[in-house]
Amino acid sequence: MIGVFDSGIGGLSVWREIVRQLPHEPTVYLADQAHVPYGSRGMAEVRALAEGVTRFLLGQGAQVIVIACNTASAAALYYLRRTFPQIPFVGMEPAVKPAVERTRSGVVGVIATPTTFQGELFNSLLARYGGDARVIPQVCPGLVEAVESLALETEGTEQLLRECLAPLLEAGADQLVLGCTHYPFLRTAIERVVAGRMAVIDPAPAVARQTGRVLARRGLASTGAEPATHRLYTTGDRDAFARTVARLMPDVAGVTVLPARWADGASRIDG
Ligand code: DGL
């Protein structure tokens with residue numbers, strides 16, 4: 001079983017791709033909506049939350065964990081691998097590599113949360129793949145909250161996007177890396193603002209492929225022939241989350257939406 005988590009609904013942009021590519025793999029997803037957004041919390045706090053979420057998913061039977069959150073990956077990927085050495089973790093990182101390979105202008109824009117840019121993961125990405133390109137990190141205050149409240153097509157959200165993308169367009173970026181898993185749900189609005197001037201890169205399909213490779217390599221791939229079933233938990237409002245899931249992914253079958261609660265001062269989750 002694949003465990004997937006995010007601070008909220010953003011990781012569903014990765015989860016839906018996993019379900020599409022690996023239809024026989026059962027999944028358990030946790031949206032930590034009691035603590036969304038992660039992006040303005042410190043590294044240590046996000047690391048502690050990610051550890052609690054990981055323990056919950058392992059308790060639910062997860063054999064591989066997909067950290068469908070750039071912020072939690074930046075804060076906790078190396079830590080979680082050290083803490084749970086027997087468990088394979090698939091992390092998210094901004095897709096700097098393909099963006100640098102594809103840029104013609106030599107300028108790449110990356111939009112993500114402040115915590116994602118602070119992590120050693122982002123600096124190591126720049127060192128490994130930045131090459132001669134100018135890679136511009138850009139934070140977009142308010143966007144995660146806009147997605148969480150499903151304000152995907154509002155004038156207010158489009159204004160936020162215009163403001164955060166303007167410096168990238170002015171700098172001549174021709175590639176836009178979506179470095180936060182919430183942002184793919186704004187893709188229509190982003191494409192409208194960008195108007196063909198930047199190519200938009202969403203790493204979700206590559207992360208789902210990597211998850212399939214990890215399962216196969218570890219001998220964990222499901223042998224079932226039926227479409228799998230999925231349990232989606234939230235530490236926030238269960239009914240609101242169920243409505244969100246139905247709205248964002250009306251076509252996915254076999255889904256049960258359930259509540260989960262943090263206990264012991266946010267160190268343990270009870271399902
Ligand atoms: N979806 C997350 C990410 O990819 C986290 C956003 C947040 O909670 O701030 O970074």
Side-chain angles (χ1 to χ4, degrees), residues 3-18 29-54 57 65-80 89-96 109-122 125 137-152 157 160-161 164 176-187 190 200-208 210-211 232-237 240-241 244-245 248-249 262 266:
V4 184
F5 76 91
D6 180 42
S7 59
I9 66 177
L12 292 172
S13 67
V14 178
W15 176 84
R16 69 180 170 188
E17 197 55 38
I18 290 173
Y29 181 99
L30 185 109
D32 189 13
Q33 291 181 302
H35 295 105
V36 70
Y38 276 4
S40 46
R41 293 175 191 274
M43 300 291 252
E45 186 180 2
V46 174
R47 203 174 296 139
L49 293 170
E51 180 174 348
V53 173
T54 298
L57 293 174
I65 305 280
V66 180
I67 309 176
C69 175
N70 291 264
T71 307
S73 299
L77 175 62
Y78 300 143
Y79 171 77
L80 292 174
F89 286 89
V90 179
M92 303 285 307
E93 56 185 29
V96 168
V110 181
I111 52 175
T113 69
T115 306
T116 296
F117 291 130
Q118 277 160 31
E120 52 180 301
L121 205 59
F122 187 68
L125 267 182
Q138 174 74 38
V139 295
C140 300
L143 273 196
V144 168
E145 291 86 341
V147 173
E148 284 290 321
S149 61
L150 293 181
L152 307 181
T157 300
L160 285 177
L161 282 171
C164 90
L176 177 65
V177 176
L178 304 185
C180 170
T181 54
H182 279 73
Y183 301 163
F185 290 117
L186 295 171
R187 187 153 187 157
I190 290 172
V200 178
I201 303 179
D202 170 11
V207 172
Q210 175 63 9
T211 306
L232 307 187
Y233 287 90
T234 179
T235 57
D237 181 331
F241 186 53
T244 298
V245 170
L248 292 179
M249 293 165 306
W262 283 97

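Just so it is clear, the values below take in all heavy atoms, side chains as well, and ignore hydrogens, waters and symmetry mates. FYI, the numbering just counts along the sequence from 1. Just so you know, ligand 1 is whichever comes first in the structure, and atom 1 is the first atom listed for that ligand.
- At least one side-chain heavy atom of Val147 sits under 4.5 Å from a side-chain heavy atom of Ile9.
- Taking distance alone, with nitrogen or oxygen atoms compared against 3.5 Å, Ser40 stays at or beyond that limit from ligand 1.
- Tested against Leu186, the residues Leu152, Leu160, Leu178 include a single side-chain contact (heavy atoms from CB on, under 4.5 Å) partner, Leu152.
- Every atom of ligand 1 is numbered from 1 in the order shown, and the set under 4.0 Å from a heavy atom of Asn70 is 3 (C), 4 (O), 10 (O).
- Residue Ser7 has at least one heavy-atom neighbour below 4.0 Å for each of these atoms of ligand 1: 5 (C), 6 (C), 7 (C), 8 (O).
- Using a distance-only test at 3.5 Å, with no hydrogens or angles considered, a donor-acceptor pair links the side chain of Thr115 to the main chain of Arg41.
- The protein heavy atom nearest to atom 10 (O) of ligand 1 is Thr71 OG1, 2.6 Å.
- Among all protein heavy atoms, the one lying closest to atom 7 (C) of ligand 1 is Tyr38 N, 3.3 Å.
- Glu120 CD: 12 or fewer foreign heavy atoms inside a 6.0 Å radius.
- The single protein non-hydrogen atom nearest to atom 9 (O) of ligand 1 is Gly39 N, 2.7 Å, given as residue, atom name and distance.
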side-chain contact (heavy atoms from CB on, under 4.5 Å) between Met92 and Thr116, worked out: CA-CA 10 Å; Met92 303 285 307; Thr116 296; over 6 Å; no

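- Ligand 1 has at least one atom lying under 4.0 Å from a heavy atom of Cys69.
- Those atoms of ligand 1 with a heavy atom of Asp6 less than 4.0 angstrom away are 1 (N), 2 (C), 5 (C).
- Atom CG of residue Leu143 and atom CG of residue Leu161 lie 5.0 Å apart, to the nearest 0.5 angstrom.
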